[in-house]
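Below is one structure, written out as structure tokens; comments come after it.
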There are 4 protein chains.
Amino acid sequence: MTPIVSEEYKQKKRQEILQSAHVCFAEKGFEASTVDDIVARSKLSKGAIYNYFKSKDEIYLALMEGQTNDSGSKFAKAIAERETSLEKLNYLIEAYLDNDPNDEENIGHAIVHYEFRLYSTRNPKLKDMLTKRYRDFFVSLLTGIIKEGQAAGEFNKELDPETYADIFWAIVNGATLQATILEDYHYKHILREMQSIFLEKLSSK
Amino acid sequence: MTPIVSEEYKQKKRQEILQSAHVCFAEKGFEASTVDDIVARSKLSKGAIYNYFKSKDEIYLALMEGQTNDSGSKFAKAIAERETSLEKLNYLIEAYLDNDPNDEENIGHAIVHYEFRLYSTRNPKLKDMLTKRYRDFFVSLLTGIIKEGQAAGEFNKELDPETYADIFWAIVNGATLQATILEDYHYKHILREMQSIFLEKLSSK
Amino acid sequence: MTPIVSEEYKQKKRQEILQSAHVCFAEKGFEASTVDDIVARSKLSKGAIYNYFKSKDEIYLALMEGQTNDSGSKFAKAIAERETSLEKLNYLIEAYLDNDPNDEENIGHAIVHYEFRLYSTRNPKLKDMLTKRYRDFFVSLLTGIIKEGQAAGEFNKELDPETYADIFWAIVNGATLQATILEDYHYKHILREMQSIFLEKLSSK
Amino acid sequence: MTPIVSEEYKQKKRQEILQSAHVCFAEKGFEASTVDDIVARSKLSKGAIYNYFKSKDEIYLALMEGQTNDSGSKFAKAIAERETSLEKLNYLIEAYLDNDPNDEENIGHAIVHYEFRLYSTRNPKLKDMLTKRYRDFFVSLLTGIIKEGQAAGEFNKELDPETYADIFWAIVNGATLQATILEDYHYKHILREMQSIFLEKLSSK
DNA sequence: TATGAATGAGGTTTCATTCAT
DNA sequence: TATGAATGAAACCTCATTCAT
């Protein structure tokens with residue numbers, strides 16, 4: 001039984017479905033989106049979709065898995081290429097500044113992302129997994145940078161790197177969330193100001 | 001002729017329903033919660049619930065309305081009683097520190113609150129209304145305090161009060177959100193550190 | 001246990017309920033009318049209505065019973081007072097001409113009446129009862145008049161009185177039904193023309 | 001890509017549903033018939049029915065639309081084939097004589113038809129539409145025949161064709177209604193007698 | 001693999017009737 | 001008797017999933 005279609009073909013279809021689903025979830029939320037909505041957006045039939053995913057839940061999970069993976073690997077490399085810790089931090093902030101949820105394109109992502117995080121709250125395993133990923137990747141990334149900066153004399157050695165890693169992400173998430181749920185939020189302006197406060201503190205004596 | 005039950009009785013019933021609904025929404029989310037879930041939580045029958053609310057949606061909205069109102073009025077008075085701007089700010093932070101979403105009791109509120117804000121994102125009128133409330137009450141409250149502090153020489157006069165009001169709420173929301181979606185988040189520790197950064201900046205020469 | 005309120009009082013209340021119900025049934029039909037609709041129209045409470053009628057069905061039946069009774073006794077006396085058969089027939093037609101369903105006031109009655117007749121179709125006992133009433137009263141009334149007219153030489157003796165009684169009522173009902181279900185129906189004009197055809201035939205040689 | 005079932009297949013299913021619904025409506029009336037009743041009558045599932053019709057109301061409307069269309073087109077052609085106006089009129093009557101509501105088969109149609117007409121009374125748009133159809137088709141058909149007969153010298157030229165068209169349909173509907181709501185009604189006998197009166201008048205000098 | 005018609009459990013809502021006051 | 005809040009069976013409709021083709 002050799003597969004009739006290539007693995008690539010199948011991966012492409014999967015991605016198409018995930019993208020259609022993402023648009024639906026952004027527009028109406030996970031539960032309010034029906035499989036028929038997803039079918040209507042994609043160019044596939046309902047039966048076809050169930051060839052690629054066992055259930056609507058699985059589409060959601062696959063989508064979130066992809067999203068989480070993406071946001072990670074996007075950074076890792078870019079960070080490694082910057083020289084100083086300051087440059088690395090600034091790069092990160094810059095990346096989020098480009099992510100302004102006031103832009104049509106990004107708001108859907110943000111909504112779906114936060115909804116998924118809230119949803120994960122009710123699934124202990126998922127919550128654990130996402131917490132682990134937060135610590136192992138996002139916090140780890142930041143503590144790495146901060147420690148490097150402290151070693152290089154750029155940053156205040158007395159500050160606890162883990163705490164400031166958490167603060168960094170709280171700031172970014174706080175600004176993004178506000179921009180997502182509020183109308184005409186001055187996302188960039190506020191994020192920049194927060195950046196300057198954060199860096200000032202980190203660089204203090 | 002005369003009403004058979006008092007107005008208070010009816011208000012009490014409404015509140016009972018809202019509370020039962022709140023528990024359900026916190027546990028399973030709005031859409032995943034069924035009216036039967038709410039019925040099971042409350043001691044009422046399905047029909048009785050529809051005597052007090054026209055639909056499940058209306059229960060949700062009433063619940064959120066109440067929540068938003070509460071969180072507002074809770075502060076206004078307390079703030080007015082403090083003397084200096086610093087005390088006022090500290091009081092606010094203190095209130096949020098008591099709100100640690102790691103506590104069983106608070107996490108439900110937080111989840112439902114954020115889910116509602118995300119949900120409002122798809123309802124322009126609602127989004128506008130909540131944005132307005134954010135500006136008219138929450139931002140206004142903070143700019144008031146900051147300006148007062150600037151006038152009194154407590155705070156740096158060159159900082160834009162509005163921007164720092166937005167920053168304040170971004171910080172609080174960022175920390176709360178992280179605590180809500182992450183396991184074992186050091187909410188209090190992080191929020192306190194952010195407080196000190198924020199106040200340091202505000203008080204800077 | 002002497003009754004607290006007089007029998008008259010109770011009869012008056014019953015009539016009030018029946019009238020309210022009639023308006024509702026005319027507006028929305030029997031099944032689409034809710035007990036709450038009837039409550040809203042009447043000045044009574046829901047509980048009170050159930051003191052006077054065991055069920056919504058019973059209200060309907062009582063209403064129809066009343067209607068059927070009314071339409072009968074209204075005629076009987078008036079007929080007896082006319083002299084010739086022609087006068088009697090003309091009186092009857094005249095009564096129906098006044099009943100123009102294009103008038104706001106009458107259309108409700110007509111709708112409810114025909115709906116009830118159609119409804120009775122599914123209840124053999126009711127259908128029998130109403131058929132009996134039709135024959136014993138309405139047909140009988142007409143055959144009486146026609147026979148009288150034949151005896152008096154006014155009407156053609158060769159026509160079968162029963163058949164012409166049936167025709168008379170078919171004509172009246174046909175015109176009334178059309179006026180009920182059609183917009184801007186020339187009820188009076190058509191009924192008058194039918195009257196002239198009918199009488200012409202009856203009086204023929 | 002290619003539809004999995006033919007358009008005919010789907011039309012056949014639609015018809016099956018409509019027929020099942022018709023039986024139910026005839027037996028219990030529109031409002032008293034539940035979707036489950038229709039499901040039980042048809043061999044389909046509830047969901048399947050909602051694939052073909054958006055709501056119970058729509059089934060009703062589709063059914064009535066079909067009924068009205070049928071009764072129209074049935075005649076148009078047959079009429080055109082007859083020679084004289086008298087033949088045409090007689091053909092029409094003959095068709096209604098075959099429609100005796102005393103026959104099990106026809107009474108259901110009659111009940112549902114009249115109930116629908118009464119129902120349409122509460123829906124101004126529907127009432128207008130049906131009135132228009134009555135005038136544009138049924139009245140028009142008759143006035144055409146009568147004028148033709150007048151032109152050919154068959155019918156009395158002084159009678160108003162429109163009035164006599166209305167009378168014709170009032171007679172047919174009157175007899176049909178009586179046969180529908182009464183037990184053992186001599187439908188054919190009465191309709192024939194009415195036919196002879198009508199034609200006699202029309203042909204009068 | 002692909003299609004979309006079919007399934008039916010389960011959701012929301014209505015409303016006739018009851019009953020404590 | 002009168003009130004109207006409470007009840008819960010039963011109605012309509014949705015939609016994730018299956019399956020014959």
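Reminder, nothing fancy here: chain letters follow the sequence lines and each chain counts from 1.
The CD atom of D/Glu16 sits 15 Å away from the P atom of E/dA5 (whole-angstrom rounding). Atom C1' of nucleotide F/dC12 and atom CZ of D/Phe30 are separated by 11 Å, given to the nearest angstrom. One can place CD of A/Glu58 at 15 Å from P of F/dA16, the figure rounded to the nearest angstrom. Atom CD1 of D/Ile49 and atom C1' of F/dC15 are 16 Å apart (whole Å). Rounded to whole Å, atom C1' of E/dA9 lies 13 Å from atom CG of B/Asp36. In this structure, D/Lys10 places its NZ atom 15 Å from P of E/dT3, rounding to the nearest Å. A straight line from CD of B/Gln11 to P of F/dA5 spans 13 Å, rounded to a whole angstrom. Here F/dA16 presents its C1' atom at 12 Å from CZ of A/Phe25, a figure rounded to the nearest Å.
Contact check, B/Tyr50 against E/dT14: no side-chain N or O comes under 4.0 Å of OP1 or OP2. Between A/Tyr9 and E/dA2 there is a side-chain polar atom (N or O) within less than 4.0 angstrom of OP1 or OP2.
In the interface, the side chain of D/Asn51 is paired with the base of E/dA6 through a donor and an acceptor atom under 3.5 Å apart. Residue-to-nucleotide contacts include a donor-acceptor pair under 3.5 Å from the side chain of A/Lys46 to the base of F/dT17. At a cut-off of 3.5 angstrom, the base of E/dT13 holds no donor-acceptor pair with the side chain of B/Lys54.
With a 3.5 Å ceiling on both atom-pair distances, the Watson-Crick or G-U wobble partner of F/dT17 is E/dA6. Base pairing of E/dT14: its partner is F/dA9, meeting the Watson-Crick or G-U wobble criterion (both donor-acceptor distances under 3.5 Å).
The existence of a salt bridge linking B/Arg14 and B/Glu65 is excluded, since no basic side-chain nitrogen approaches an acidic carboxylate oxygen closer than 4.0 Å.
Remark: aromatic rings of C/Tyr60 and C/Tyr119 are close, center separation under 6.0 Å.
Of the two residues near DNA chain F, A/Ser55 and C/Ser45, the one whose nearest nucleotide lies more 5' is C/Ser45. Comparing D/Leu44 and C/Val35 by the nucleotide of DNA chain E that holds the closest heavy atom to each, the one mapping nearer the 5' end is D/Leu44. Where D/Lys13 and C/Ser33 each meet DNA chain E at their nearest nucleotide, the meeting point lying more 5' is that of D/Lys13. Between A/Asp57 and B/Ala48, the residue anchored closer to the 5' end of DNA chain F is B/Ala48, taking for each the nucleotide with the nearest heavy atom.
Of the candidate nucleotides E/dA16, E/dT14, E/dA2, E/dA2 has the atom nearest to the side chain of A/Tyr52. Closest to the D/Thr34 side chain, of the nucleotides F/dA5, F/dA16, F/dA11, is F/dA11.
At the heavy-atom level, B/Phe53 lies nowhere under 4.0 Å from the strands shown.
A side-chain donor from one of A/Lys13 and A/Tyr9 sits under 3.5 Å from a side-chain acceptor of the other.
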